[in-house]
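As a basis for the values below, the full set of heavy atoms in this structure was taken, side chains included, without hydrogen atoms, waters or symmetry mates. Predicted model only: the values in this text are computed from it and were never measured.
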Amino acid sequence: MKRTLLIGIFAATWLQGCLPEKAEQDTQNTPPDAGDDIRICSFADGNGDELVTHKSANSAEEWLFIDSMSSASADIELDEDDLVGAFAVTSFIGPSLTDAFSGLNIFYACTSDVYALNQCNWEQVDTENNETLKVETVLGGGDAYTTTVSLDEGDGFETQIVLDGVLTDLGNLTIMFYDNGVVDVTRTATRSSNGTETVTYASAETNWTATETAGCSGSIDFDSSEDGETVTLDASWSLSGTTTSGSLEYFKTGLDSTYHLTW
């Protein structure tokens, strides 16, 4: 998984502005629609601290991120001596940070705009490091597509990332991250017509599902098990004015009972 995240960072820095002008395999005769107008919960433009309910967006351009979850975890205030609470909030913050890294892979998504530029298939060679990054996209029915990101470090191409999505909707996208040829992590995002957004993150060690409505209320169910230690967290929240309020339940191996918190 760490290597896959590096692929995303690597592409965002090394390849920005270096995409080929032509691709070879985009064969659909007519361009897809530009996307639908939707209403979602999101941060205000230019202000990463202010949530906006029912914000207008275009489905083909708006990456799905559970913004209210990030805001809710930041709104919690703890007593200085609340050590268990600190662990609980850390577990609450974790999914947002993980998902922020996943967002780097928007670079590979075959959106309406990228398709219009004929750039859903490309290859880039790094001669200095003897590496080749290849992005191959196969179009399906209903503007669906599958994009495979492969890296050749001298021993042949190895799949790093596979994306299953829709040209007109960045909010309905599954990303599978590979490690040594095997799926290591799967991130599934779905967005309904009423603006409800959900992200599910599944791996051998960590699983969570977070949901938010267009009105910026949301919830998360989180569990992880690593090195014999189990952590579970259930939280829900809603937006009132400019801040969130909510509650969470947290349990970690070694605790005598479930920890409860409201804010």
Asker: Any non-hydrogen side-chain atom of Ser42 less than 4.5 Å from a side-chain atom of Glu62?
Answerer: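 In short, these two side chains touch, coming nearer than 4.5 Å.
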Asker: When rounded to the nearest 0.5 angstrom, what is the spacing between OG1 in Thr186 and CG in Asn207?
Answerer: 10.0 Å
Asker: Distance alone, cut at 3.5 Å: any donor-acceptor contact between the side chains of Thr168 and Asp143?
Answerer: no
Asker: If the test is side chain to side chain contact (heavy atoms under 4.5 Å, CB included), which one of Ser68, Ser240, Ser238 qualifies with Ser217?
Answerer: Ser238
Asker: Quick one: does any side-chain atom of Asn58 pair with a main-chain N or O of Ala60 as donor and acceptor, under 3.5 Å?
Answerer: yes
Asker: Yes or no on side chain to side chain contact (heavy atoms under 4.5 Å, CB included) for Leu163 and Val149, after CA distance, side-chain angles and deciding distance?
Answerer: CA-CA 8 Å; Leu163 301 87; Val149 181; 4.2 Å; yes
Asker: Do you know the tightest heavy-atom contact between Arg39 and His54?
Answerer: CD-O, 3.2 Å
Asker: Give a yes or no on whether Asp49 atom CG has more than 12 heavy-atom contacts from other residues, nucleotides or ligands under 6.0 Å away.
Answerer: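 It does not: Asp49 CG has 12 such atoms or fewer within range.
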Asker: Can you find a pair of side-chain heavy atoms, one from Leu51 and one from Cys41, that are under 4.5 Å apart?
Answerer: yes
Asker: On a heavy-atom basis, which atom in Cys110 and which in Leu167 lie closest, and how many Å separate them?
Answerer: O-CD2, 2.9 Å
Asker: Do Phe177 and Ser102 pass the side chain to side chain contact (heavy atoms under 4.5 Å, CB included) test, and can you show the C-alpha distance, the side-chain angles, and the key distance before you say yes or no?
Answerer: CA-CA 10 Å; Phe177 302 94; Ser102 296; 4.1 Å; yes
Asker: Could you pull out the closest heavy-atom pair between Thr188 and Thr174, with the gap in Å?
Answerer: CG2-OG1, 3.5 Å
Asker: Is it true that, when you exclude Phe87 itself, more than 12 heavy atoms of the residues, nucleotides or ligands shown sit nearer than 6.0 Å to its CZ?
Answerer: no
Asker: Does the Asn121 side chain pair with the main chain of Thr137, one donor and one acceptor, at a distance under 3.5 Å?
Answerer: yes
Asker: Is the closest side-chain heavy-atom distance between Lys55 and Asp45 below 4.5 Å?
Answerer: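 Lys55 reaches Asp45 side chain to side chain.
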Asker: Shared ILVMFWY cluster between Leu239 and Met69, side chains joined below 4.5 angstrom?
Answerer: no
Asker: Is there a side-chain contact between Ser91 and Tyr250 in this structure, where contact means two heavy atoms from C-beta onward sitting under 4.5 Å apart?
Answerer: yes
Asker: Could you tell me whether the side chains of Ser247 and Thr262 share a donor-acceptor contact shorter than 3.5 Å?
Answerer: no
Asker: With a 4.5 Å cut-off on side-chain heavy-atom distances among I, L, V, M, F, W and Y, is there a chain of contacts connecting Leu261 to Trp208?
Answerer: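 Yes, it is one cluster - the side chains of Leu261 and Trp208 are joined through contacts under 4.5 Å.
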Asker: Can you name the nearest heavy-atom pair linking Ile38 to Ser59, along with the distance?
Answerer: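 Looking at all heavy atoms of both residues, the closest pair is CD1-CA, 3.9 Å.
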Asker: Just wondering, do Asp126 and Leu133 contact through their side chains at under 4.5 Å, heavy atoms?
Answerer: no
Asker: Taking all non-hydrogen atoms of both residues, which atom of Glu131 and which atom of Leu151 are closest, and how far apart?
Answerer: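 Smallest heavy-atom distance, with atoms named: CB-CD1, 4.4 Å.
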Asker: Inspect the surroundings of CD in Glu77 and state if more than 12 heavy atoms from other residues, nucleotides or ligands are less than 6.0 Å away.
Answerer: no
Asker: Indicate yes or no for a side-chain donor-acceptor contact from Tyr259 to the backbone of Ala88 under 3.5 Å, with no hydrogens or angles considered.
Answerer: no
Asker: Can you hop from Ile161 to Val166 via hydrophobic side chains spaced under 4.5 Å?
Answerer: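 Different hydrophobic clusters.
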Asker: Using 0.5 Å steps for rounding, measure from the CD atom of Glu158 to the CG atom of Asp152.
Answerer: 10.0 Å
Asker: Compute whether any side-chain donor of one residue and acceptor of the other, for Asp164 and Thr146, lie under 3.5 angstrom apart.
Answerer: yes
Asker: Tell me whether Ile76 is reachable from Ile93 by hopping between hydrophobic residues (I, L, V, M, F, W, Y) whose side-chain heavy atoms are closer than 4.5 Å.
Answerer: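 Yes, Ile93 and Ile76 fall within the same hydrophobic cluster.
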Asker: Would you give the length of the straight line joining atom OG1 of Thr132 to atom NZ of Lys134, rounded to the nearest 0.5 angstrom?
Answerer: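 If I round to the nearest 0.5 Å, the distance is 9.0 Å.
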Asker: When clusters are formed by joining ILVMFWY residues with side-chain heavy atoms under 4.5 Å apart, either directly or through shared neighbours, do Leu83 and Leu248 land in the same one?
Answerer: yes
Asker: Nearest 0.5 Å please: distance from the CH2 atom of Trp263 over to the OG1 atom of Thr244.
Answerer: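 Answer for the CH2-OG1 pair, Trp263 versus Thr244, is 6.0 Å.
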Asker: Side chain to side chain contact (heavy atoms under 4.5 Å, CB included), that's the test. Do Arg187 and Val199 meet it? Break it down for me.
Answerer: CA-CA 7 Å; Arg187 178 198 188 266; Val199 172; 3.6 Å; yes
Asker: Which heavy atom in Trp237 sits nearest to a heavy atom in Ala235, and how many Å separate them?
Answerer: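 For Trp237 versus Ala235, the nearest heavy atoms are CZ3-O, 3.9 Å.
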Asker: Look up atom CG in Asn105 and atom CD in Gln160, then write down how far apart they are to the nearest 0.5 Å.
Answerer: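 Here the interatomic distance stands at 10.5 Å.
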Asker: With rounding to the nearest 0.5 angstrom, report the CD to CG distance, Glu205 to Asp184.
Answerer: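 Rounded to the nearest 0.5 Å, the CD-CG separation comes out at 8.0 Å.
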Asker: Hey, which of Leu173, Val135, Val138 is the one that makes side chain to side chain contact (heavy atoms under 4.5 Å, CB included) with Thr147?
Answerer: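 With Thr147 as partner, Leu173, Val135, Val138 yield a single side chain to side chain contact (heavy atoms under 4.5 Å, CB included), made by Val135.
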Asker: Run the side-chain hydrogen bond (donor to acceptor under 3.5 Å, both in side chains) test on Thr198 and Thr211 for me, step by step, so that the C-alpha distance in whole Å, both residues' side-chain angles and the decisive distance to 0.1 Å come before the verdict.
Answerer: CA-CA 4 Å; Thr198 300; Thr211 298; 3.1 Å; yes
Asker: Any side-chain heavy atom of Glu197 sitting closer than 4.5 Å to one from Ile66?
Answerer: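 Glu197 vs Ile66: side chains touch.
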Asker: Is the shortest side-chain N to carboxylate O distance from Asp169 to Arg191 below 4.0 Å?
Answerer: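 Here Asp169 pairs with Arg191 in a salt bridge, since their nearest N and O are under 4.0 Å apart.
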Asker: Should Phe43 and Ser71 count as side-chain neighbours, where that means a heavy-atom distance under 4.5 Å?
Answerer: yes
Asker: Just by distance, no angles: are the side chains of Asn194 and Thr196 close enough, under 3.5 Å, to form a donor-acceptor pair?
Answerer: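 Yes, Thr196 and Asn194 have a side-chain donor paired with an acceptor closer than 3.5 Å.
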Asker: Please examine the side chains of Thr159 and Ser150, heavy atoms only from C-beta on, and report whether any two atoms are closer than 4.5 Å.
Answerer: yes
